[in-house]
Amino acid sequence: MSRFRRNPQQPHRTRPSRRALRDQQMLADALRDTALALNSTLDLDEVIDRILSHLAHIIPYDTADVLLIEGDTFRIMRSKGNRERGTEDWLHNLRIPLEAFGNLMLMLRTRRPLLIPDTHQAQEWKDFPFTEWIRSNLGAPIHIEEQPIGFITLNSAKPGSFTPEHAAHLEIFASHAAIALRNAQLYSQMEQRVRERTAELQFERNRLQVLLDATGEGIIYTEGLRIQYVNPALCHMTGYTADELIGRSVAIFRRTDSPPEEVKRLIAIREALRRDELWRDEFRLRAKDGREFDAGLTISLIGAPDERLLRAVTVMRDISQEKELYAQKARFVAHASHELRTPLTNLLTRLYLLRRKPEYLDEHLAVLEEVSGRMRLLVEDLLDLSRFERGTIVLRPEVLSVQDLLASVVNVQQHEAARKQIGITLSLPDRPLTVYADRERLIQVVTNLVTNAIHYTPVGGQVCVSAFAEVCDGGGCVGLSVEDTGIGIEAKHLPHLFQPFYRVTTGKEGTGLGLTIAKEIVDLHGGIIEVESAPGKGSRFTVRLPLMRVRESMATRE
Ligand code: ADP
């Protein structure tokens, strides 16, 4: 008698067969391995290959394929066993219409695995040249978020190779394949996003680089006081290369003899930045070659004000020229007021005297006339100069004979020269010289040079006016020169001679604007004016006008 009595109410539990146990163990192993593959690699092909290999242990097959749906077609993404059958190359990347395969269409509809025990008996099976050998088939759809995206199909040359249990197992593998495909999809989407973002960042970076490179203002990025970045404009301004500056302290730009109050200003920068304020001021800095220059600095904080090392961007502008221009303008206004005040005082004095002694009317009137005439000249010169500065002077150029023009100026000045017993000569080439220029303006230039020559040459001296043609700057040009045997000019004055109100001999009459205006006119004609002189040796002023222009202008007129 058995020691155990089975309760007849209890369900009968059959012990699983050894084979079934082994199969279950193999299925569990295969699924675990597949899950491991899913977690350990993002290589889709590798995961799918592993799925197909494990499947072979659980469900014996001759060939297995993973098919991916692409619109109305599908293509074989991975397969096993086709190489042995010689069909792999043929099937590779082939896009096959879905509707040609009844079994696939059926699975799309039912969303369930499909078992075809005998292809010769199944209506939904249709033979194709590459499927003729198949006698039984098992397929399962692959879904991602309820959407069918492909299939796993297993084929066998023997009928009845697959069972419903196989179908259930295949469904589990299909869901693993779905995870692998989903991961790959997400990964490629992510990769695409990373690629796009990287391209965007690269584009931004390039754009920023172009901006920084092209900007005319110097830019420095500092952490603490250490330079981390400089743009080409800054290198140009300071004479250093980027390599010489990066990693160095900004103190490299400080003058060696910078005044003590500069330290206070440097501390003020730090305090302003700590208050998260933009700091703007001017500093006198030192370039690599020791040259000093005025710089306008704008410093802005880019990190948090409480960071230990302040991170800041400095925009540096070389304002030396601006400052010089400003000083020049201030000098100009001071000079102009001074030049006007002197004759005005003279005028007022004469009026006062006239009131007191009207009997000297004629004498006073003569002076009043002369003084007001000088004032008018000065005002006209000032107006002329301001027109040049504003660019409102319009040239009326025409083809002029240089010989005729010089002769007419000399003719007008002959009387004044004779009055001072100064000999005035003309030295002109036989070959006619022509220029394309504004007659009145060119006469103004030559007249100024000739009157100056007479003015600054003592009694008995000589003035020679000449013209010549020469090659200059790769082209031809016409030269006009006015030479005298007068008092001459010291070398130190020569660079300033064409500046407004610059006068060497203040004792003599004059406005100090004649040469400035002459230079403006010559510039406007595209020419140059130069001076050679030495004290006691006389002076030579030379104007060169480009011949090319003359020809071009004449050509366009013809
Ligand atoms: P000004 O009205 O004083 O002559 P200019 O601009 O024509 O003004 O000339 C500027 C200065 O250049 C003059 O004041 C004079 O000192 C100097 N200068 C010009 N021409 C001569 C010259 N031929 N010889 C010597 N000095 C000259």
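Worth saying up front: this structure is predicted, and the values here are computed from it rather than measured. First listed ligand is number 1; within each ligand, the first listed atom is number 1.
Of the candidates D404, V399, L405, S401 forms a side-chain contact (heavy atoms from CB on, under 4.5 Å) with just one, namely D404. When I489, T485, I487 are each tested for a side-chain contact (heavy atoms from CB on, under 4.5 Å) with S539, only one passes: I489.
Heavy-atom proximity to G512, at under 4.0 Å, picks out these atoms of ligand 1: 1 (P), 2 (O), 3 (O), 6 (O), 8 (O). Ligand 1 places these atoms under 4.0 Å from at least one heavy atom of L515: 5 (P), 6 (O), 7 (O), 9 (O), 10 (C), 12 (O), 19 (C). Near N448, meaning under 4.0 Å from any of its heavy atoms, are these atoms of ligand 1: 7 (O). Contact atoms of ligand 1 toward V504: 14 (O), 16 (O) (distance under 4.0 Å to a heavy atom of the residue). Below 4.0 Å from some heavy atom of Y502 lie the following atoms of ligand 1, by number and element: 10 (C), 11 (C). In the vicinity of L497, heavy-atom distances shorter than 4.0 Å reach the ligand 1 atoms 12 (O).
Side chains of H493 and Y502: a donor-acceptor N/O pair is present below 3.5 angstrom, by distance only.
By the 3.5 Å distance cut-off applied to N or O atoms, D484 is counted among the residues near ligand 1. At least one N/O-N/O distance between Y456 and ligand 1 falls below 3.5 Å.
Cation-pi contact between R311 and Y221: absent, since separation from the ring centre below 6.0 Å together with deviation from the ring axis within 45° is not met.
Under a 4.0 Å heavy-atom criterion, F498 is not in contact with ligand 1. In this structure, S539 is part of the shell of residues with a heavy atom less than 4.0 angstrom from ligand 1.
Taking the six-membered ring where the residue is Trp, W279 and F283 present tilted rings, their angle falling between 30° and 60°.
R280 places no side-chain N or O within donor-acceptor distance of the main-chain N or O of T298, the cut-off being under 3.5 Å. Side chain of T542 to main chain of E530: no donor-acceptor pair is present (N/O by atom type, distance under 3.5 Å, no hydrogens or angles).
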